[in-house]
A.B. asks: 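Dumping the structure here so I can ask a few things about it.
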Amino acid sequence: MPELPEVETIKRNLHQAIAGQKIKNVEVLTEKMIVFGLAKALLIKKADKKRTELFVKSIIGNVVASVERRGKFLIIKFKNGSALFIHLRMSGQLIFLEKNKLSSPLFLSIAKTAKPQLLPIKHTHVVFSFSDGSKLFYNDVRKFGHVRYVSEGDIEVFLETENLGPEPLDLDSRSFKNILEKYPKRAIKAILLDQNAIAGIGNIYADESLFAAKIHPARTAEKLKPAEIELLHTEIKKILNRAIKLGGSSLEYYLKTNGASGSFVKEHQVYGKSGKPCPRCGTILRSMNVAGRTSTYCPNCQK
DNA sequence: CTTGCGACCTGTTGGC
DNA sequence: TGCCAACAGGTCGCAA
(Lines give C-alpha, C1' and ligand atoms only; values in the text may rest on other atoms or scores of the structure.)
Protein backbone atom coordinates (compact mmCIF):
# COMPACT_ATOMS: atom_id res chain seq x y z
CA MET A 1 0.00 0.00 0.00
CA PRO A 2 1.66 2.92 1.37
CA GLU A 3 4.40 4.33 -0.73
CA LEU A 4 6.71 7.18 0.16
CA PRO A 5 4.08 9.96 0.45
CA GLU A 6 1.81 7.84 2.65
CA VAL A 7 4.60 6.73 4.97
CA GLU A 8 5.92 10.29 5.10
CA THR A 9 2.46 11.54 6.09
CA ILE A 10 2.23 8.93 8.83
CA LYS A 11 5.73 9.83 9.98
CA ARG A 12 4.92 13.52 10.37
CA ASN A 13 1.61 12.96 12.15
CA LEU A 14 3.00 10.27 14.41
CA HIS A 15 6.03 12.28 15.36
CA GLN A 16 3.75 15.07 16.57
CA ALA A 17 1.71 12.59 18.53
CA ILE A 18 4.26 10.37 20.25
CA ALA A 19 7.68 12.03 20.40
CA GLY A 20 8.67 12.22 24.05
CA GLN A 21 6.08 9.68 25.16
CA LYS A 22 6.87 6.57 27.12
CA ILE A 23 5.56 3.18 26.07
CA LYS A 24 3.60 1.74 28.93
CA ASN A 25 2.42 -1.48 27.35
CA VAL A 26 2.47 -3.50 24.13
CA GLU A 27 -0.19 -6.05 23.22
CA VAL A 28 0.66 -8.50 20.47
CA LEU A 29 -2.56 -9.98 19.10
CA THR A 30 -1.00 -11.70 16.08
CA GLU A 31 2.42 -13.10 16.86
CA LYS A 32 3.52 -13.71 13.32
CA MET A 33 3.48 -9.98 12.58
CA ILE A 34 6.46 -9.52 14.86
CA VAL A 35 10.09 -9.66 13.77
CA PHE A 36 12.89 -9.48 16.31
CA GLY A 37 16.34 -8.08 15.60
CA LEU A 38 17.99 -8.87 12.30
CA ALA A 39 15.89 -11.92 11.47
CA LYS A 40 14.52 -12.00 7.96
CA ALA A 41 10.92 -10.91 7.53
CA LEU A 42 10.06 -14.20 5.91
CA LEU A 43 7.07 -14.52 3.68
CA ILE A 44 5.99 -17.54 5.63
CA LYS A 45 5.97 -16.11 9.08
CA LYS A 46 5.43 -18.18 12.14
CA ALA A 47 4.06 -17.34 15.52
CA ASP A 48 6.68 -17.63 18.24
CA LYS A 49 5.89 -17.04 21.88
CA LYS A 50 9.50 -16.53 22.94
CA ARG A 51 10.03 -13.95 20.23
CA THR A 52 6.89 -12.11 21.26
CA GLU A 53 8.03 -12.04 24.89
CA LEU A 54 11.42 -10.65 23.90
CA PHE A 55 9.74 -8.06 21.69
CA VAL A 56 7.38 -6.86 24.39
CA LYS A 57 10.04 -6.84 27.07
CA SER A 58 12.44 -4.86 24.88
CA ILE A 59 9.91 -2.16 24.10
CA ILE A 60 8.07 -1.48 27.34
CA GLY A 61 9.51 1.49 29.21
CA ASN A 62 11.14 3.03 26.15
CA VAL A 63 10.71 6.71 25.42
CA VAL A 64 10.12 7.78 21.81
CA ALA A 65 12.84 10.10 20.56
CA SER A 66 11.57 10.61 17.02
CA VAL A 67 9.61 9.10 14.18
CA GLU A 68 11.45 8.84 10.89
CA ARG A 69 11.18 7.27 7.46
CA ARG A 70 13.55 5.49 5.10
CA GLY A 71 12.03 4.37 1.81
CA LYS A 72 8.75 2.73 2.77
CA PHE A 73 9.92 1.92 6.30
CA LEU A 74 8.51 3.88 9.19
CA ILE A 75 11.08 4.10 11.98
CA ILE A 76 10.20 4.81 15.59
CA LYS A 77 13.45 5.66 17.36
CA PHE A 78 13.77 5.35 21.09
CA LYS A 79 15.94 7.43 23.39
CA ASN A 80 18.09 4.44 24.30
CA GLY A 81 19.08 4.05 20.64
CA SER A 82 16.90 1.06 19.76
CA ALA A 83 14.09 1.35 17.21
CA LEU A 84 11.02 -0.13 15.60
CA PHE A 85 11.00 -0.60 11.83
CA ILE A 86 7.44 -0.89 10.56
CA HIS A 87 6.63 -1.92 7.00
CA LEU A 88 3.00 -1.62 5.95
CA ARG A 89 3.30 -3.56 2.67
CA MET A 90 -0.12 -3.67 0.97
CA SER A 91 -2.70 -3.11 3.66
CA GLY A 92 -0.97 -2.04 6.86
CA GLN A 93 -2.48 0.85 8.76
CA LEU A 94 -1.33 2.86 11.78
CA ILE A 95 -4.06 4.58 13.76
CA PHE A 96 -3.34 6.77 16.74
CA LEU A 97 -6.08 7.51 19.24
CA GLU A 98 -6.00 9.89 22.18
CA LYS A 99 -7.25 8.56 25.49
CA ASN A 100 -10.65 10.21 25.12
CA LYS A 101 -11.17 8.79 21.60
CA LEU A 102 -10.49 5.19 22.44
CA SER A 103 -14.11 4.13 22.42
CA SER A 104 -14.71 5.93 19.16
CA PRO A 105 -17.48 4.07 17.30
CA LEU A 106 -15.71 5.08 14.08
CA PHE A 107 -12.84 2.81 14.94
CA LEU A 108 -14.94 -0.08 16.07
CA SER A 109 -17.43 -0.05 13.23
CA ILE A 110 -16.96 -1.72 9.90
CA ALA A 111 -17.44 0.77 7.11
CA LYS A 112 -18.99 -1.74 4.73
CA THR A 113 -19.02 0.12 1.47
CA ALA A 114 -17.34 3.41 2.17
CA LYS A 115 -13.73 3.27 1.09
CA PRO A 116 -11.15 3.77 2.46
CA GLN A 117 -12.05 2.29 5.74
CA LEU A 118 -10.88 2.03 9.27
CA LEU A 119 -10.18 -1.57 10.01
CA PRO A 120 -12.24 -3.39 12.60
CA ILE A 121 -10.67 -4.88 15.70
CA LYS A 122 -10.43 -8.19 13.87
CA HIS A 123 -7.48 -6.86 11.87
CA THR A 124 -5.62 -5.19 14.70
CA HIS A 125 -2.36 -7.06 15.37
CA VAL A 126 -0.31 -4.89 17.70
CA VAL A 127 -1.39 -2.17 20.15
CA PHE A 128 1.07 0.23 21.79
CA SER A 129 -0.14 2.07 24.89
CA PHE A 130 1.55 5.31 25.94
CA SER A 131 1.91 6.82 29.38
CA ASP A 132 -0.69 9.52 28.71
CA GLY A 133 -3.33 6.90 27.92
CA SER A 134 -3.21 7.21 24.13
CA LYS A 135 -2.78 4.16 21.90
CA LEU A 136 -1.26 3.29 18.55
CA PHE A 137 -2.91 0.47 16.58
CA TYR A 138 -1.15 -1.54 13.91
CA ASN A 139 -3.87 -2.97 11.64
CA ASP A 140 -3.32 -5.07 8.54
CA VAL A 141 -5.99 -6.98 6.61
CA ARG A 142 -3.65 -9.03 4.46
CA LYS A 143 -0.93 -9.48 7.10
CA PHE A 144 1.90 -8.87 4.64
CA GLY A 145 3.47 -6.21 6.82
CA HIS A 146 5.45 -6.54 10.02
CA VAL A 147 6.75 -4.70 13.06
CA ARG A 148 10.44 -5.20 13.75
CA TYR A 149 12.37 -4.37 16.89
CA VAL A 150 16.04 -3.58 16.35
CA SER A 151 18.43 -2.96 19.23
CA GLU A 152 20.84 -0.06 19.35
CA GLY A 153 23.86 -1.77 17.85
CA ASP A 154 21.96 -3.41 15.04
CA ILE A 155 20.27 -0.44 13.39
CA GLU A 156 23.17 0.31 11.08
CA VAL A 157 23.58 -3.36 10.28
CA PHE A 158 19.91 -3.71 9.45
CA LEU A 159 19.95 -0.72 7.11
CA GLU A 160 23.04 -2.06 5.39
CA THR A 161 21.50 -5.44 4.74
CA GLU A 162 18.37 -3.76 3.36
CA ASN A 163 20.63 -1.96 0.89
CA LEU A 164 18.01 0.65 0.02
CA GLY A 165 18.61 3.02 -2.85
CA PRO A 166 18.68 6.77 -2.27
CA GLU A 167 15.64 8.82 -1.31
CA PRO A 168 14.08 10.24 -4.48
CA LEU A 169 13.47 13.62 -2.85
CA ASP A 170 17.16 13.99 -1.96
CA LEU A 171 18.39 13.11 -5.41
CA ASP A 172 19.96 15.54 -7.86
CA SER A 173 19.48 14.94 -11.56
CA ARG A 174 23.05 13.72 -12.10
CA SER A 175 22.62 10.98 -9.49
CA PHE A 176 19.26 10.03 -10.92
CA LYS A 177 20.87 9.60 -14.31
CA ASN A 178 23.65 7.51 -12.76
CA ILE A 179 21.09 5.17 -11.28
CA LEU A 180 19.41 4.56 -14.63
CA GLU A 181 22.79 3.93 -16.22
CA LYS A 182 23.34 1.05 -13.82
CA TYR A 183 20.43 -0.86 -15.35
CA PRO A 184 20.51 -0.15 -19.10
CA LYS A 185 18.50 -3.25 -20.05
CA ARG A 186 15.69 -2.88 -17.58
CA ALA A 187 12.27 -1.33 -18.15
CA ILE A 188 12.17 2.13 -16.61
CA LYS A 189 9.19 1.17 -14.50
CA ALA A 190 11.04 -1.84 -13.08
CA ILE A 191 13.85 0.48 -11.95
CA LEU A 192 11.47 2.95 -10.34
CA LEU A 193 9.87 0.10 -8.39
CA ASP A 194 13.19 -1.43 -7.33
CA GLN A 195 13.81 -0.36 -3.72
CA ASN A 196 17.52 -1.14 -4.09
CA ALA A 197 17.73 1.35 -6.96
CA ILE A 198 15.53 4.13 -5.51
CA ALA A 199 13.68 3.79 -2.22
CA GLY A 200 10.04 4.70 -1.75
CA ILE A 201 8.33 4.70 -5.13
CA GLY A 202 5.56 2.14 -5.67
CA ASN A 203 2.99 1.34 -8.32
CA ILE A 204 0.89 4.50 -8.04
CA TYR A 205 3.70 7.03 -8.13
CA ALA A 206 5.65 5.14 -10.77
CA ASP A 207 2.67 5.22 -13.14
CA GLU A 208 1.84 8.84 -12.37
CA SER A 209 5.45 10.00 -12.85
CA LEU A 210 5.86 8.13 -16.13
CA PHE A 211 2.64 9.63 -17.43
CA ALA A 212 3.73 13.13 -16.43
CA ALA A 213 7.07 12.62 -18.18
CA LYS A 214 5.38 11.05 -21.25
CA ILE A 215 7.48 7.89 -20.99
CA HIS A 216 6.15 4.41 -21.74
CA PRO A 217 6.58 2.16 -18.67
CA ALA A 218 8.23 -0.66 -20.65
CA ARG A 219 10.89 1.57 -22.27
CA THR A 220 14.36 0.36 -21.48
CA ALA A 221 16.57 2.73 -19.48
CA GLU A 222 19.25 2.91 -22.19
CA LYS A 223 16.67 4.18 -24.66
CA LEU A 224 15.72 7.24 -22.65
CA LYS A 225 17.01 10.56 -23.92
CA PRO A 226 18.78 12.88 -21.47
CA ALA A 227 15.90 15.35 -21.64
CA GLU A 228 13.41 12.60 -20.81
CA ILE A 229 15.46 11.48 -17.81
CA GLU A 230 15.64 15.07 -16.64
CA LEU A 231 11.90 15.52 -16.99
CA LEU A 232 11.13 12.22 -15.27
CA HIS A 233 13.32 13.23 -12.37
CA THR A 234 11.58 16.57 -11.88
CA GLU A 235 8.12 15.04 -12.28
CA ILE A 236 8.85 12.37 -9.66
CA LYS A 237 9.78 15.05 -7.15
CA LYS A 238 6.86 17.25 -8.06
CA ILE A 239 4.37 14.41 -7.75
CA LEU A 240 5.79 13.00 -4.50
CA ASN A 241 5.83 16.47 -2.92
CA ARG A 242 2.30 17.22 -4.05
CA ALA A 243 1.11 13.84 -2.74
CA ILE A 244 2.75 14.48 0.64
CA LYS A 245 1.05 17.87 0.76
CA LEU A 246 -2.32 16.18 0.26
CA GLY A 247 -1.63 13.45 2.82
CA GLY A 248 -1.10 10.62 0.32
CA SER A 249 -3.50 8.45 -1.69
CA SER A 250 -6.33 6.76 0.22
CA LEU A 251 -7.63 3.95 -1.97
CA GLU A 252 -8.62 1.01 0.15
CA TYR A 253 -6.88 0.82 3.49
CA TYR A 254 -4.42 3.66 3.80
CA LEU A 255 -5.50 6.41 6.18
CA LYS A 256 -3.67 9.08 8.08
CA THR A 257 -2.97 8.27 11.73
CA ASN A 258 -6.05 10.25 12.79
CA GLY A 259 -8.28 8.12 10.56
CA ALA A 260 -8.77 10.77 7.88
CA SER A 261 -8.18 10.10 4.18
CA GLY A 262 -5.29 11.44 2.15
CA SER A 263 -6.70 13.25 -0.87
CA PHE A 264 -4.12 12.75 -3.62
CA VAL A 265 -6.36 10.16 -5.32
CA LYS A 266 -8.33 13.08 -6.76
CA GLU A 267 -5.26 14.08 -8.70
CA HIS A 268 -4.38 10.66 -10.08
CA GLN A 269 -4.12 10.96 -13.85
CA VAL A 270 -3.71 7.31 -14.86
CA TYR A 271 -3.38 4.96 -11.88
CA GLY A 272 -6.49 2.76 -11.74
CA LYS A 273 -8.00 4.52 -14.77
CA SER A 274 -7.52 1.95 -17.50
CA GLY A 275 -10.30 2.26 -20.09
CA LYS A 276 -10.90 5.92 -19.36
CA PRO A 277 -9.80 8.76 -21.62
CA CYS A 278 -6.33 10.21 -21.20
CA PRO A 279 -6.62 13.57 -19.41
CA ARG A 280 -4.08 15.00 -21.86
CA CYS A 281 -5.15 13.74 -25.27
CA GLY A 282 -8.37 11.79 -24.83
CA THR A 283 -7.00 8.46 -26.07
CA ILE A 284 -8.32 5.52 -24.07
CA LEU A 285 -5.82 4.58 -21.35
CA ARG A 286 -4.51 1.02 -21.47
CA SER A 287 -2.86 -1.23 -18.97
CA MET A 288 -0.17 -3.86 -19.32
CA ASN A 289 2.01 -5.91 -17.02
CA VAL A 290 5.49 -4.48 -16.40
CA ALA A 291 7.79 -5.89 -13.73
CA GLY A 292 4.94 -8.00 -12.44
CA ARG A 293 2.64 -5.07 -11.79
CA THR A 294 -0.31 -3.60 -13.62
CA SER A 295 0.82 -0.44 -15.35
CA THR A 296 -1.65 2.05 -16.72
CA TYR A 297 -0.49 4.42 -19.42
CA CYS A 298 -1.60 6.42 -22.42
CA PRO A 299 -0.66 4.57 -25.63
CA ASN A 300 -0.65 7.84 -27.53
CA CYS A 301 1.29 10.25 -25.38
CA GLN A 302 3.67 7.90 -23.56
CA LYS A 303 6.37 6.84 -26.00
C1' DC B 1 22.16 -10.01 -15.33
C1' DT B 2 17.22 -10.24 -16.56
C1' DT B 3 12.21 -11.45 -16.43
C1' DG B 4 8.31 -14.19 -14.79
C1' DC B 5 5.69 -16.57 -11.61
C1' DG B 6 3.92 -18.38 -7.29
C1' DA B 7 3.60 -17.36 -2.35
C1' DC B 8 2.09 -14.85 1.40
C1' DC B 9 -3.38 -13.15 3.13
C1' DT B 10 -8.12 -11.20 3.11
C1' DG B 11 -11.56 -8.68 0.94
C1' DT B 12 -14.06 -6.55 -2.97
C1' DT B 13 -15.63 -6.46 -7.58
C1' DG B 14 -17.27 -7.72 -12.08
C1' DG B 15 -18.82 -11.13 -15.26
C1' DC B 16 -21.75 -14.90 -16.18
C1' DT C 1 -29.35 -13.34 -6.50
C1' DG C 2 -25.17 -16.36 -6.32
C1' DC C 3 -20.71 -18.11 -7.42
C1' DC C 4 -16.03 -17.68 -8.66
C1' DA C 5 -12.11 -15.86 -10.89
C1' DA C 6 -9.37 -11.85 -10.98
C1' DC C 7 -7.34 -8.38 -8.71
C1' DA C 8 -5.36 -5.08 -4.92
C1' DG C 9 -0.31 0.99 -2.58
C1' DG C 10 4.73 -5.00 -1.71
C1' DT C 11 8.41 -8.09 -1.69
C1' DC C 12 10.88 -12.53 -1.80
C1' DG C 13 12.68 -16.89 -3.56
C1' DC C 14 13.31 -19.68 -7.22
C1' DA C 15 13.30 -21.27 -12.15
C1' DA C 16 14.59 -20.29 -16.68
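Chain naming here is simple, since letters A, B, ... match the order of the sequence lines and numbering starts at 1 in each.
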A.B. asks: Counting only side-chain N and O atoms of A:His123, is one of them less than 4.0 Å from OP1 or OP2 of B:dC9?
C.D. replies: no
A.B. asks: Does A:Gln195 place a side-chain N or O at less than 4.0 Å from the phosphate oxygens OP1/OP2 of C:dG10?
C.D. replies: no
A.B. asks: Check every strand shown and say whether A:Ala187 touches a base, only sugar-phosphate, or nothing at a heavy-atom separation below 4.0 Å.
C.D. replies: sugar-phosphate
A.B. asks: Could you point out which residue of A:Lys189, A:Arg293, A:Arg286 forms a salt bridge (charged side-chain N to carboxylate O under 4.0 Å, His left out) with A:Asp207?
C.D. replies: A:Lys189
A.B. asks: Over all strands shown, is A:Lys45 touching base, sugar-phosphate only, or nothing at heavy-atom distances under 4.0 angstrom?
C.D. replies: nothing
A.B. asks: Can you find a side chain N or O atom of A:Lys122 that sits less than 4.0 Å from OP1 or OP2 on B:dT10?
C.D. replies: no
A.B. asks: Report the distance from atom CE of A:Met90 to atom C1' of B:dC9, rounded to the nearest whole Å.
C.D. replies: 11 Å
A.B. asks: Looking at B:dC8, I'd like to know if its phosphate oxygens (OP1 or OP2) sit under 4.0 Å from a side-chain N or O belonging to A:Lys32.
C.D. replies: no
A.B. asks: Is C:dG10 syn or anti, taking syn as a glycosidic angle within 90° of 0?
C.D. replies: anti
A.B. asks: Got a salt bridge between A:Glu167 and A:Arg69, using NZ or NE/NH1/NH2 to carboxylate O under 4.0 Å?
C.D. replies: yes
A.B. asks: Is there a donor-acceptor pair closer than 3.5 Å between any side-chain N or O of A:Ser250 and the backbone N or O of A:Gly262?
C.D. replies: yes
A.B. asks: Grab the CZ-C1' distance between A:Arg293 and C:dG9 for me, whole Å please.
C.D. replies: 7 Å
A.B. asks: Tell me the stems DNA chain B sits in, counting at least three consecutive Watson-Crick or G-U wobble pairs, each under 3.5 Å on both distances.
C.D. replies: B:2-8 with C:10-16, B:10-16 with C:2-8
A.B. asks: Which residue is it: A:Tyr149, A:Phe158, A:Phe55? I am looking for the one with a ring-ring contact (aromatic ring centres under 6.0 Å, His included) to A:Phe36.
C.D. replies: A:Tyr149
A.B. asks: Side-chain N or O of A:Ser91 less than 4.0 angstrom from OP1 or OP2 on B:dG11?
C.D. replies: no
A.B. asks: Look at the side-chain N and O atoms of A:Arg142 and state whether any lies under 4.0 Å from the OP1 or OP2 oxygen of C:dG10.
C.D. replies: no
A.B. asks: Where the side chain of A:Lys40 is concerned, which of B:dT10, C:dG13, C:dT11 is the nearest nucleotide?
C.D. replies: C:dG13
A.B. asks: How long is the span from the OH atom in A:Tyr205 to the CD atom in A:Glu235, to the nearest 0.5 Å?
C.D. replies: 14.5 Å
A.B. asks: Would you say the base of C:dG10 stacks on A:Phe144 (centre-to-centre below 5.5 Å, plane angle below 30°)?
C.D. replies: yes
A.B. asks: Base, sugar-phosphate alone, or nothing: which one does A:Tyr271 contact when heavy atoms must sit under 4.0 Å apart?
C.D. replies: sugar-phosphate
A.B. asks: Counting just side-chain N and O atoms, does A:Lys72 come under 4.0 Å of either OP1 or OP2 of C:dT11?
C.D. replies: yes
A.B. asks: Tell me the interatomic distance from A:Asn196, atom CG, to C:dG13, atom P, rounded to whole angstroms.
C.D. replies: 12 Å
A.B. asks: For DNA chain B, determine which residues of residues 236-247 of chain A have any heavy atom closer than 4.0 angstrom to one of its atoms, and list them numerically.
C.D. replies: none
A.B. asks: Does A:Lys143 put a side-chain nitrogen or oxygen below 4.0 Å from OP1 or OP2 of B:dT10?
C.D. replies: yes
A.B. asks: Which is true for A:Gly202 with a 4.0 Å heavy-atom rule: it touches a base, it touches only sugar-phosphate, or it touches nothing?
C.D. replies: sugar-phosphate
